[in-house]
J.: 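Have a look at this one before I ask anything.
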There are 2 protein chains.
Amino acid sequence: MTQTDTKIRLLDAAESLFSQQGFTSASLRAITTAAQANLAAANYHFGGKEALLSAVLERRLLPLNQQRSDRIDQVLAAATTAGTRPEVEALIRAFIEPTFAFRRDKNGSSEFISIIGRAMTSADPLVRDLFLALVQPLFSQLHQALCQALPQLTPQLIFTRLFFTMGAMGHCICFPGMSQIFNGNSASNPEDDIFMTNNLIRFVTAGLEAPC
Amino acid sequence: MTQTDTKIRLLDAAESLFSQQGFTSASLRAITTAAQANLAAANYHFGGKEALLSAVLERRLLPLNQQRSDRIDQVLAAATTAGTRPEVEALIRAFIEPTFAFRRDKNGSSEFISIIGRAMTSADPLVRDLFLALVQPLFSQLHQALCQALPQLTPQLIFTRLFFTMGAMGHCICFPGMSQIFNGNSASNPEDDIFMTNNLIRFVTAGLEAPC
DNA sequence: GTCTATACGATGATAGAC
DNA sequence: GTCTATCATCGTATAGAC
């Protein structure tokens, strides 16, 4: 097996186990065993457990953030062309929809976003900062766009409400099978996820647009 | 020292360290050392690390839930007397305000609620269920009250939006010093907490009241 | 360069002496 | 009730095989 194979198998195994058991509880022994690699392979290829998490996060989050950033830019460009202000719901949809669509992808990354949901509120500052550094540019971009959409609100208030939005969203993505309970289904269903996504978008849009 | 003293000192030390480092990362050795007790004392008095967390949660959460439950009942009683429907904002305020007021109390429990913020989304089902079992009655009570306040919405949709509310709130209580950054203050300030609390109440009230 | 085997200190937990 | 001794397991580091 080549180096690339081992690295990818380690990333896949780590992603799955971090998602199921959490960062602290998932042991390097369990991860390397699942990846059919030696215990020391994780340290050799990534440098440590923390660096392995960082690689797991970057692999999925960088493309996802690019996708969300592009969609926000599209909304802004369309508003500029039309000579109007961008709509809050369109901006929020650009931010939230790709995140949940990730879960329905067939490329084996369905478990990933529960990791970032927990990294966001981790008690470990190293884990938290790992995530925050990766989303900070996107967060700033969205904040700036929302300031254009909501000129009657102060940037500070929009920042606060964006923080609440991150919380509501983070809670939803912590549990891969959560969306189905909203419909009382026993088995997971792509429609449950879409139902939850649309309701979340409506909820936070109303919260962001609330009068001051 | 009496048994009671040791138990309380263990609870205090566990509360502080669980809050600062998280449940998994806070070691029993650090907790018992901080409590000036033997390593085995935690196992003797509580039965294990998980049971210690359970005791930490119950000590603060049962009185807090009683307080929140009473305030919800007061809102419902006042509405009945006035012959009107209860207001969403009043119900949400009854639920959220005591939670954040907890943080400003001087009895050394200021660190506590960050524990429940993380227990809510813990990857460990045992930890999560510990918290869920403690708040389930209160959650049902609030859901039922909101169904009275929002008769135009289905109970299922209200449940979904209450889930988002828990997420936004849980995110806020994960970080003891988070509220101050909204005002750009360098030092923590009770007014920052009140500012954040009021903005959170306005945000989730607007989200809950959003048209279907 | 890649990978394996192995050792080290620290952890949660428990049994049994006192 | 309290404490010591002990065990399996954790993340990490390193020496050496291929």
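Hydrogens, waters and symmetry mates play no part in the numbers below; they use all other heavy atoms, side chains included. In the text below, chain A, chain B and the rest are named by the order of the sequence lines, each starting its count at 1.
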J.: Can you measure B/Gln21 atom CD to C/dT11 atom C1' for me and round it to whole angstrom units?
T.: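 About 13 Å, once rounded to whole Å.
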J.: Among the nucleotides C/dT14, C/dC3, D/dT12, which one has an atom lying closest to any side-chain atom of B/Ala40?
T.: C/dT14
J.: For the pair made of CG in B/Leu52 and P in C/dG12, what is the distance, rounded to whole Å?
T.: 11 Å
J.: What verdict does the side-chain hydrogen bond (donor to acceptor under 3.5 Å, both in side chains) test give for A/Asp70 and A/Gln74, after you've listed the backbone C-alpha separation in whole Å, the side-chain angles of each residue and the deciding distance to 0.1 Å?
T.: CA-CA 6 Å; A/Asp70 289 346; A/Gln74 285 168 21; 6.0 Å; no
J.: Could you state the atom-to-atom distance from NZ of B/Lys49 to C1' of D/dC10 in whole Å?
T.: 12 Å
J.: Provide, to the nearest angstrom, the distance between the NE2 atom belonging to B/His45 and the P atom belonging to D/dG1.
T.: 7 Å
J.: Take the protein atom CG of A/Leu28 and the nucleotide atom P of D/dT12, then report the distance between them rounded to whole Å.
T.: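 After rounding, the gap between these two atoms is 6 Å.
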J.: So does A/Glu87 have more than 12 non-hydrogen atoms from other groups sitting under 6.0 Å from CD?
T.: no
J.: If you count every heavy atom of other residues, nucleotides or ligands that lies below 6.0 Å from A/Glu58 atom CD, does the total exceed 12?
T.: yes
J.: Report the distance from atom CG of B/Asn43 to atom P of C/dA15, rounded to the nearest whole Å.
T.: 10 Å
J.: What class does the angle between the rings of A/His171 and A/Phe175 fall in, given that below 30° is parallel, 30 to 60° is tilted and above 60° is perpendicular?
T.: perpendicular
J.: Whole Å only: how far is the CZ atom of B/Phe46 from the P atom of C/dG12?
T.: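 One finds 16 Å between P of C/dG12 and CZ of B/Phe46, rounded.
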J.: Heavy atoms under 4.0 Å, any strand shown: does A/Ala26 hit a base, just sugar-phosphate, or nothing?
T.: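 The residue A/Ala26 makes sugar-phosphate contact but no base contact.
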J.: In this structure, how many angstroms lie between the P atom of D/dT2 and the CG atom of B/Asp5, rounded?
T.: 10 Å
J.: How do A/Gly47 and A/Ala30 order along DNA chain D: which one's closest nucleotide is nearer the 5' end?
T.: A/Ala30
J.: With a 4.0 Å cutoff (strictly under), does any side-chain N or O of A/Tyr44 reach OP1 or OP2 of C/dT2?
T.: yes
J.: So, B/Phe163 versus A/Phe203, ring centres under 6.0 angstrom or not?
T.: no
J.: Quick one: on DNA chain C, does A/Ala37 or A/Arg29 contact a more 5' nucleotide (nearest heavy atom)?
T.: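 The answer here is A/Ala37.
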J.: Within the pair A/Thr6 and C/dC3, is there a side-chain N or O less than 4.0 Å away from OP1 or OP2?
T.: yes
J.: Can you find a side chain N or O atom of B/Asn38 that sits less than 4.0 Å from OP1 or OP2 on D/dT4?
T.: yes
